[in-house]
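Working notes, structure below.
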Protein chains: 2
Amino acid sequence: MEVDRAEVERRVEHFMEAAKEAGIKLTHQRIEIFRQVAASADHPSAESVLKALQPRMPTVSLDTIYRTLWLLNDLGLVSTLGPKRESVRFDANLTHHHHYVCVRCGLTRDFESAELNSLHIPESVAEFGSIDATHVEVRGVCSRCAKEQTEESERNKSAIKPRGQEKNTP
Amino acid sequence: MEVDRAEVERRVEHFMEAAKEAGIKLTHQRIEIFRQVAASADHPSAESVLKALQPRMPTVSLDTIYRTLWLLNDLGLVSTLGPKRESVRFDANLTHHHHYVCVRCGLTRDFESAELNSLHIPESVAEFGSIDATHVEVRGVCSRCAKEQTEESERNKSAIKPRGQEKNTP
DNA sequence: CTGACTGCAAACCCTTTGCAGACCG
DNA sequence: CGGTCTGCAAAGGGTTTGCAGTCAG
């Protein structure tokens, strides 16, 4: 499924500006990789970006795609779906509940809300398939990470923030 | 963070019955692994279950934990958080949007809803940390998988359904 | 020109699998 | 006791990293 052509070009434009501003080089690979992600409505993985790019760029390699996608992520031009790169988590709470997730360390906590259990979902969604459950995910920075963040922000004043790689199962 | 002791025992009880009903053996390992997941409010990974169990059961191995957790998942006694075990997916749509996810093949589609963009989150959630974004995930079986499912349901009439392992980036 | 970037290959981490011995029922 | 289950070790798949050559600015 493809994104509207004009929208793709708008996103690419935005990417070019942001890249220039961040002082990174606009290589052929980066432009094509970004264009490919921007054009796909189905949130591709690195692998599927590679497959899509192969015909146009036979020599592009998977690791460049990874590096580029994470770079784009750091620049705030794309985001990732679901947990970054963690192990699978298991949940013995069988009641209908929702989650608070810390975007820094992955801490996950349940919460309940009768209101959120009965959300009104747009009718258009039914076209995708059956609707079995709806689940709300609240994202933020947990208190512990917030504390660490302020502590270390004393020294860092660089433009680009590193992609948090620390793991944590508190 | 620990789950209420009585609640844990209630869950373990439920597990014992369900296991008997399913005809699987109640080994020491299975009971302890289940108890550990049931007792953790933070949705542990296999690795953290292992660490928690090491003191009590020094010889338990990581692969047994994996096998047991997936077994519990198949029995409907635990569930998994986030995408089962896929590669990271990237998203170039920077607008506030929500997701429809097929639980069979992982197909993911965006949808928008002004109503869902401004949900009322319980105040208790603020205790966990800052609230930066809220995101609704609708789960179901996509039309394509639903078709396949009915086609193959002719032959299968086994009690326990296999854990869907197929991957798919449509 | 020169430092940033790419491609290659090998390393890494989490997870799964094959097999021989151990244990539940 | 027999078949299920465990532990071990090794394989597997996705992702990352070190290095030497390449390219954008």
Side-chain angles (χ1 to χ4, degrees), chain A residues 15-16 19-34 44-51 53-54 56-75 80-90 106 159-160 162-169, chain B residues 15-17 19-34 44-51 53-54 56-75 80-90 106 160 162-169:
Chain A
F15 158 62
M16 306 264 237
K20 194 171 292 180
E21 202 163 320
I24 65 158
K25 295 190 175 175
L26 271 174
T27 62
H28 187 40
Q29 288 90 330
R30 285 180 177 170
I31 296 170
E32 287 307 310
I33 290 169
F34 180 80
S45 62
E47 190 103 26
S48 63
V49 171
L50 177 69
K51 282 203 189 100
L53 249 42
Q54 296 268 22
R56 287 184 258 163
M57 307 183 67
T59 71
V60 74
S61 72
L62 192 55
D63 40 33
T64 297
I65 292 174
Y66 276 112
R67 278 187 285 227
T68 302
L69 290 174
W70 285 120
L71 175 70
L72 294 170
N73 184 61
D74 291 346
L75 294 175
T80 57
L81 252 51
K84 327 256 131 194
R85 182 67 199 149
E86 272 185 349
S87 36
V88 184
R89 303 272 200 109
F90 296 84
I160 303 180
R163 108 179 179 246
Q165 191 67 355
E166 57 268 38
K167 55 181 58 179
N168 202 334
T169 305
Chain B
F15 157 62
M16 305 263 237
E17 281 174 37
K20 193 170 294 179
E21 200 163 323
I24 65 158
K25 295 190 174 174
L26 271 175
T27 63
H28 187 41
Q29 287 91 331
R30 287 181 175 167
I31 295 170
E32 287 308 310
I33 291 170
F34 180 82
S45 61
E47 189 103 25
S48 63
V49 171
L50 177 68
K51 282 204 190 98
L53 249 42
Q54 296 267 21
R56 286 184 259 161
M57 306 183 68
T59 70
V60 73
S61 73
L62 192 54
D63 39 34
T64 297
I65 292 174
Y66 276 112
R67 279 186 284 225
T68 303
L69 289 174
W70 286 121
L71 174 72
L72 293 171
N73 184 61
D74 290 347
L75 293 175
T80 58
L81 252 51
K84 327 255 131 197
R85 181 66 199 149
E86 272 185 350
S87 38
V88 184
R89 303 273 199 107
F90 295 86
I160 303 179
R163 106 180 180 247
Q165 190 67 354
E166 55 272 36
K167 54 180 57 179
N168 203 334
T169 305

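Letters A, B, ... mirror the listed sequences (proteins, then strands); counts begin at 1.
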Handout entry: Closest non-hydrogen atom pair, A:E32 against A:L53
Key = O-CD1, 3.9 Å

Completion exercise
Going 5' to 3' through nucleotides 20-25 of chain C and flagging B where a protein heavy-atom sits under 4.0 Å of the base, S where only the sugar-phosphate is that close, and - otherwise, we get ----BS

Report the distance from atom [atom1] of [X] to atom [atom2] of [N], rounded to the nearest whole Å.
X	N	atom1	atom2	result
A:I65	C:dC5	CD1	C1'	15 Å
A:L71	C:dT6	CG	P	9 Å
A:R89	C:dC14	CZ	P	13 Å
A:L53	C:dG7	CG	C1'	15 Å
A:K20	C:dA4	NZ	C1'	17 Å
A:N73	D:dT16	CG	C1'	15 Å

Fill in the blank from the handout: CG (B:L26) and CZ (B:F34) are apart, to the nearest 0.5 Å, by 11.5 Å

Practice task
Taking only the side-chain heavy atoms of A:Q29 (C-beta and beyond), determine which of C:dG7, C:dC19, D:dA9 contains the nearest atom.
Solution key: C:dG7

Problem - Closest to the B:R67 side chain, choosing from C:dG7, C:dG18, D:dT16 - result: C:dG18

Any side-chain N or O of [X] below 4.0 angstrom from OP1/OP2 of [N]?
X	N	result
A:S87	C:dC14	no
A:R30	C:dC5	yes
A:S61	C:dT6	no

Problem - Whichever of A:T64 and B:A46 has its nearest DNA chain C nucleotide further upstream toward 5' - result: A:T64

Practice task
Please tell me which of A:D63 and A:E47 maps to the more 5' nucleotide of DNA chain D, matching each residue to the nucleotide holding its nearest heavy atom.
Solution key: A:E47

